[in-house]
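Just below is one structure, and these are the notes that go with it.
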Amino acid sequence: MIVLVSGVGSNLQALIDASQDPTFGASIVGVGADRSGIEGLARAERAGIPTFVVELSSFDTRAAWDEALTAACAEHEPDLVVLAGFMKLVGPAFLEAFGGRTVNTHPSLLPSFPGAHGPRDALAHGVKVTGATLFVVDEGLDEGPIIAQVAVPVEDGDTVDSLHERIKVVERRMLTEWVGRLAREGVPR
Ligand code: GRF
């Protein structure tokens, strides 16, 4: 699999750790990012995994970026692509190449609170339960078919950070459990 990241990469780390076990069924052949200098890339480098960066600002159009990202992923011939905190929408070229075998993890119970601020929006709305969702990526914003969800109660006094950190604990567990399963059994259709 390829893992795409934009930030800290704790979900990536969980996948790196899980894939040390040969029974996991998947290995990480490359880690890509839309920006350099992030901890997610450093984690991959420490683990000896090849990395690549495809920055949107290096291209004249979003379509050209999308094609370059697709080509960079394709070089590694992945069976599965995992977006783990990758903060960009992939485009048509990417979906043409990897549609149906690209999954994303999101820190809310979709279809509630899609977009870049799941924990903040859940807290602002006053929901009592939120969580994380693993889904198959399509052209929508966090709209593809849902594979798995885990619930996290919102606690009195939660801040965006405390809530997001608690979500991330169960999110990492969900991601590793399901990515192993998807690698062994395929993405559900
Ligand atoms: C995760 O909660 C992910 O769902 C969201 O951003 C967070 C990324 O965390 N989009 P990390 O970079 O894997 O630590």
Side-chain angles (χ1 to χ4, degrees), residues 1-20 24 26 28 30-47 49 51-56 69 73 80-91 94 102-125 127 129-155 158-180 182 187:
M1 77 182 117
I2 291 264
V3 184
L4 298 182
V5 296
S6 296
V8 175
S10 68
N11 282 287
L12 165 66
Q13 188 65 55
L15 290 169
I16 292 172
D17 295 345
S19 58
Q20 303 300 318
F24 184 60
I28 305 175
V31 170
D34 63 328
R35 60 198 76 181
S36 52
I38 55 173
E39 180 59 17
L41 288 171
R43 288 177 194 273
E45 281 155 17
R46 286 198 293 270
I49 301 168
T51 62
F52 56 91
V53 176
V54 187
E55 284 184 73
L56 183 54
L69 178 69
C73 289
L80 185 70
V81 182
V82 179
L83 310 189
F86 186 63
M87 302 303 282
K88 290 269 185 312
L89 275 180
V90 296
F94 190 94
T102 299
V103 298
N104 189 9
T105 175
H106 178 77
S108 77
L109 293 176
L110 293 171
S112 292
F113 314 119
H117 301 287
R120 183 195 75 185
D121 296 345
L123 202 58
H125 196 92
V127 295
V129 178
T130 183
T133 303
L134 183 70
F135 63 98
V136 183
V137 174
D138 67 8
E139 59 288 337
L141 173 63
D142 300 334
E143 285 173 6
I146 291 172
I147 299 170
Q149 291 187 304
V150 283
V152 173
V154 178
E155 288 173 6
D158 254 339
T159 62
V160 174
D161 286 347
S162 67
L163 179 59
H164 196 178
E165 282 310 313
R166 269 203 334 285
I167 291 171
K168 284 177 69 168
V169 172
V170 294
E171 186 180 23
R172 290 192 284 267
R173 222 175 286 145
M174 172 186 72
L175 185 67
T176 49
E177 181 192 326
W178 276 91
V179 165
L182 298 174
V187 179

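As the structure lists them, so they are numbered: ligands from 1, and atoms in each ligand from 1.
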What protein heavy atom sits nearest [atom], and how far away is it?
{"atom": "atom 8 (C) of ligand 1", "answer": "Gly85 CA, 3.8 Å"}
{"atom": "atom 7 (C) of ligand 1", "answer": "His164 NE2, 3.8 Å"}
{"atom": "atom 1 (C) of ligand 1", "answer": "Glu171 OE1, 3.3 Å"}
{"atom": "atom 5 (C) of ligand 1", "answer": "Pro107 CD, 3.8 Å"}
{"atom": "atom 9 (O) of ligand 1", "answer": "Lys168 NZ, 3.0 Å"}

Item to complete: Please name the pair of heavy atoms, one in Arg35 and one in Ile38, separated by the smallest distance, quoted to 0.1 Å.
Response: CG-CG2, 3.7 Å

Worksheet entry | Thr105 and its side chain to side chain contact (heavy atoms under 4.5 Å, CB included) partner, picked from Ile147, Thr133, Leu134 |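 Testing Thr105 for a side chain to side chain contact (heavy atoms under 4.5 Å, CB included) against Ile147, Thr133, Leu134 leaves exactly one candidate, Leu134.
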
Fill in: For Val137, the option from Leu83, Val82, Leu89 that meets side chain to side chain contact (heavy atoms under 4.5 Å, CB included)
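That would be Leu83.
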
Worksheet item: Hey, is Val5 one of the residues with a heavy atom under 4.0 angstrom from ligand 1?
Response: no

Worksheet item: Non-hydrogen atoms of Arg172 versus ligand 1: any pair closer than 4.0 Å?
Response: no

With a 4.5 Å limit on heavy-atom distance, are the side chains of [X] and [Y] in contact?
{"X": "Phe113", "Y": "Asp142", "value": "no"}
{"X": "Leu4", "Y": "Phe52", "value": "yes"}
{"X": "Gln13", "Y": "Glu39", "value": "no"}
{"X": "Lys88", "Y": "Leu56", "value": "yes"}

Response to the item:
ligand 1 to Gly9, heavy atom cutoff 4.0 Å, flagged ligand atoms 11 (P), 12 (O), 13 (O), 14 (O)

Fill in: Under-4.0 Å heavy-atom contact with ligand 1, by part of His106 that carries it
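The part of His106 near ligand 1 is the backbone, not the side chain.
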
